Engineer: 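Handing you a structure now.
No experiment lies behind these values; they were computed from the predicted model shown. Each chain gets a letter, A, B and so on, in the order its sequence line appears, and its residues count up from 1.
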Amino acid sequence: DTGVSQDPRHKITKRGQNVTFRCDPISEHNRLYWYRQTLGQGPEFLTYFQNEAQLEKSRLLSDRFSAERPKGSFSTLEIQRTEQGDSAMYLCASSHGGRSNEQYFGPGTRLTVT
Amino acid sequence: GESVGLHLPTLSVQEGDNSIINCAYSNSASDYFIWYKQESGKGPQFIIDIRSNMDKRQGQRVTVLLNKTVKHLSLQIAATQPGDSAVYFCAEIYNTDKLIFGTGTRLQVFP
């Protein structure tokens, strides 16, 4: 257990529905990252926060995706109007700002869109 | 749990032998290179990293080698144990601190 928690661990939803995932980072970490992983592939970067500021978003993050970290602690990732192609593992990681080479990952949320 | 890396390159080793997992990276400007271990149904677990100005770093039972000339990274695991069975990913960081992951390798340890 790295100390990063994610909820839910599994989510099955129908196409067109909205889903929201939560990540609680290690408490003293000011950086929080979201990645997406499909079977057989390495994780792909989606976005990251330093405290409450969202500093970068990947082109993978379409306008149906939004992430927030309102108080600089936990973060949420929302997907609106889900599509089957959104089915993946959504991973959250956290790090100290000065040590982003040491990112600690949570267990992930497995999303299945039917 | 679910299976990670269904169609990945696989390295099979006997328990007690040493394992060497290789990775080619793309960006010569990367600052750090990192190895992660991922077990089925779990998130990636940090193993060891190496800064770009180094060529070798040792941890507990693991050694990472960096060859910048040919953009090659390797992870050596000494005395491989059944608990080492997992998918291993190399990753690099440059510029904005996001991890860029390479193709994973499945390590299978048999008795």
Engineer: Give a yes or no on this: more than 12 heavy atoms of other residues, nucleotides or ligands lie within 6.0 Å of atom CD1 of A:Ile12.
Structural biologist: no

Engineer: As an exercise, state the distance from CD of A:Glu56 to CG of B:Asp97, rounded to the nearest 0.5 Å.
Structural biologist: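 A:Glu56 atom CD to B:Asp97 atom CG measures 9.0 Å (nearest 0.5 Å).
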
Engineer: Quick one: pull up CG in B:Asp49 and CD in A:Gln103 and give me the separation to the nearest 0.5 Å.
Structural biologist: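 So the gap between those two atoms works out to 11.0 Å.
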
Engineer: With a 4.5 Å heavy-atom cut-off, do A:Tyr48 and B:Leu99 have their side chains touching?
Structural biologist: no

Engineer: For each of A:Gly42, A:Pro43, A:Ala93, A:Pro107, tally heavy-atom pairs with chain B at distances under 4.5 Å, and name the one with the top tally.
Structural biologist: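 The answer is A:Pro43.
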
Engineer: Any chance CZ of A:Arg15 has more than 12 other-residue heavy atoms, nucleotides or ligands included, within less than 6.0 Å?
Structural biologist: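 No, not enclosed.
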
Engineer: So with a 6.0 Å cut-off around CD of B:Gln60, is the heavy-atom count from everything else above 12?
Structural biologist: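 Open.
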
Engineer: Checking B:Ile100 now: which residues fulfil side chain to side chain contact (heavy atoms under 4.5 Å, CB included) with it, not counting sequence neighbours?
Structural biologist: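 B:Ile100: side chain to side chain contact (heavy atoms under 4.5 Å, CB included) contacts with B:Glu92, B:Tyr94, B:Lys98.
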
Engineer: Is it true that, when you exclude B:Arg51 itself, more than 12 heavy atoms of the residues, nucleotides or ligands shown sit nearer than 6.0 Å to its CZ?
Structural biologist: no

Engineer: Determine whether more than 12 heavy atoms belonging to other residues, nucleotides or ligands lie under 6.0 Å from atom NZ of A:Lys11.
Structural biologist: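 Not more than 12 within 6.0 Å, no.
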
Engineer: Does CD belonging to A:Glu68 count more than 12 external heavy atoms closer than 6.0 Å?
Structural biologist: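 Incorrect, the count does not exceed 12.
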
Engineer: Just how far is it from atom CZ of B:Phe89 to atom CD of A:Gln37, taken to the nearest 0.5 Å?
Structural biologist: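 Here the interatomic distance stands at 5.0 Å.
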
Engineer: Quick one: pull up CD in B:Gln38 and CG in A:Leu91 and give me the separation to the nearest 0.5 Å.
Structural biologist: 6.5 Å

Engineer: Quick one: do B:Tyr36 and A:Phe105 satisfy side chain to side chain contact (heavy atoms under 4.5 Å, CB included)? Show the steps, please.
Structural biologist: CA-CA 10 Å; B:Tyr36 280 89; A:Phe105 283 81; 3.6 Å; yes

Engineer: Among B:Cys90, B:Gly102, B:Gly43, B:Pro44, single out the residue with the greatest number of heavy-atom pairs under 4.5 Å to chain A.
Structural biologist: B:Pro44

Engineer: Classify the ring geometry between B:Phe101 and A:Tyr35 as parallel (under 30°), tilted (30 to 60°) or perpendicular (over 60°).
Structural biologist: perpendicular

Engineer: Measuring from atom CZ of A:Phe45 to atom CD1 of B:Ile93, what distance do you get when rounded to the nearest 0.5 angstrom?
Structural biologist: 10.5 Å

